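Quick caveat: nothing in here was measured; it's all calculated off a predicted structure.
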Amino acid sequence: MSYAREERLALCALLDETGPDAPTLCEGWTTGDLAAHLVLREHRPDAAAGVAGGPLAGYTARVQQRIRARTPFPDLVRMIRSGPPRLSVMGLPGVDEHANAVEFFVHHEDVRRGAPGWEPRELSSGESDMLWHRLRLARFMLRKAPVGVELARDDIGTGGTDEPGANGPAYRITARNATPAVTVVGSPAELTMWVMGRRTAARVRMDGIQAAVTKLAEANW
C-alpha cells in the first residue's frame with residue numbers, strides 16, 4: 001500500500017471540488033497557495049530548500065507566488081496528481097512514500113479541516129500505524145518544547161511499549177524527555193496534526209499538572 005499515493009489522490013479529488021480559493025489550516029494560504037507549494041516541492045528543487053525556513057525562505061516564497069500566479073489551478077492539481085517527475089529525487093523508488101506519506105496526509109487534512117463541520121476520518125489500521133511510526137520524528141519537532149512531552153495513542157489497548165524489540169504494540173513515545181512532562185493523548189492522526197502545528201484542529205487531550213499543560217498549549221515550536 002502506498003499511503004503517499006492514496007493521500008495524494010484523495011487530496012487532488014478534494015482540490016477539484018474546492019477550487020483555488022477555499023481556506024486551509026495553513027495560515028494565510030488558500031487551496032491555490034497550497035497547491036503551488038506542493039508543485040514547488042516536487043518540480044522546483046532549487047526552491048524547495050527554503051520550505052522549512054532559513055536563508056532561502058524568501059526565494060522559496062517568491063517562486064511559489066510565481067507558480068500560483070502563472071499556472072491555472074487545474075494544471076496545478078494535474079501536476080500534483082501525476083506524482084513526482086521521473087528525474088526528480090522524489091521519483092526514485094520508495095522515496096515518494098518516505099517523503100510524502102505524512103506530507104500529503106497533513107495537507108489533505110489542512111483542506112478538510114479548513115472547512116466548517118469537519119469530522120475525523122476513519123483511517124485504516126495500516127495508515128494509523130504508519131503515522132504512529134513516523135511520530136518518532138516528533139523528538140526532533142518538539143526539541144524546543146518548554147516541558148517534557150509524551151505522546152500516547154488511544155486507539156489501541158494498553159500494555160505495549162515503544163522500546164525496540166519489546167512485545168506488544170507500541171502506544172507511547174517520549175518526544176521530549178524533561179520534567180515536568182505533559183502526556184498528549186489521541187489517535188495517530190490527531191497526534192500527527194498536533195505535532196505538525198495544527199493544534200486548534202487536532203482532537204487531543206493533555207494530561208499533566210496545569211502549569212505544564214498551559215505552558216505547552218501556549219508554546220510555539
* Structure fact -> Of Met79, His43, Gln64, His107, the one forming a side chain to side chain contact (heavy atoms under 4.5 Å, CB included) with Leu38 is His107
* Structure fact -> Sorted by chain and residue number, the salt bridge (charged side-chain N to carboxylate O under 4.0 Å, His left out) partners of Asp16 (sequence neighbours excluded) come out as Arg81
* To do: Considering only NZ, NE, NH1 and NH2 on the basic side and carboxylate oxygens on the acidic side, decide whether Asp46 and Arg41 come within less than 4.0 Å.
  => no
* **Note: Arg153-Asp129 ion pair, threshold 4.0 Å (strictly below)** => yes
* Structure fact -> Taken to the nearest 0.5 Å, the spacing of Leu76 CG from Thr71 OG1 works out to 5.0 Å
* Asked: Hey, is Arg203 close enough to Glu119 for a salt bridge, meaning N to O under 4.0 Å?
  -> yes
* To do: Run the salt-bridge test on Arg5 and Asp96 with the 4.0 Å N-O cut-off and return the result as yes or no.
  => no
* To do: Assess Arg205 against Trp194: is NZ or CZ under 6.0 Å from the centre of the six-membered ring, and within 45 degrees of the ring's axis?
  => no
* Asked: Under a 4.5 Å cut-off applied to non-hydrogen side-chain atoms, are Thr30 and Arg68 in contact?
  -> yes
* Would you name the heavy atoms of Met130 and Tyr3 that are closest together and state the gap between them? => CE-CB, 3.9 Å
* Using 4.0 Å as the upper bound for N to carboxylate O, is an ion pair formed by Arg113 and Glu190? -> yes
* To do: Scan side-chain atoms only and decide if Asn100 and Glu7 contain a donor-acceptor pair under the 3.5 Å cut-off.
  => no
* To do: Determine whether Trp132 and Thr192 make a side-chain contact, defined as any pair of heavy atoms from C-beta on separated by less than 4.5 Å.
  => no
* Asked: Closest heavy-atom contact between Thr31 and Pro23?
  -> CG2-O, 4.4 Å
* **Separation between CG of Leu135 and CD1 of Ile173, rounded to the nearest 0.5 Å** => 5.5 Å
* **Residues Glu150 and Arg176 bridged, charged N to O under 4.0 Å** => no
* **Within 45° cone of Phe140 ring axis and under 6.0 Å: Arg143 NZ or CZ** => yes
* Structure fact -> Minimal heavy-atom distance between Ala4 and Glu97, with the atoms involved, is N-OE1, 2.9 Å
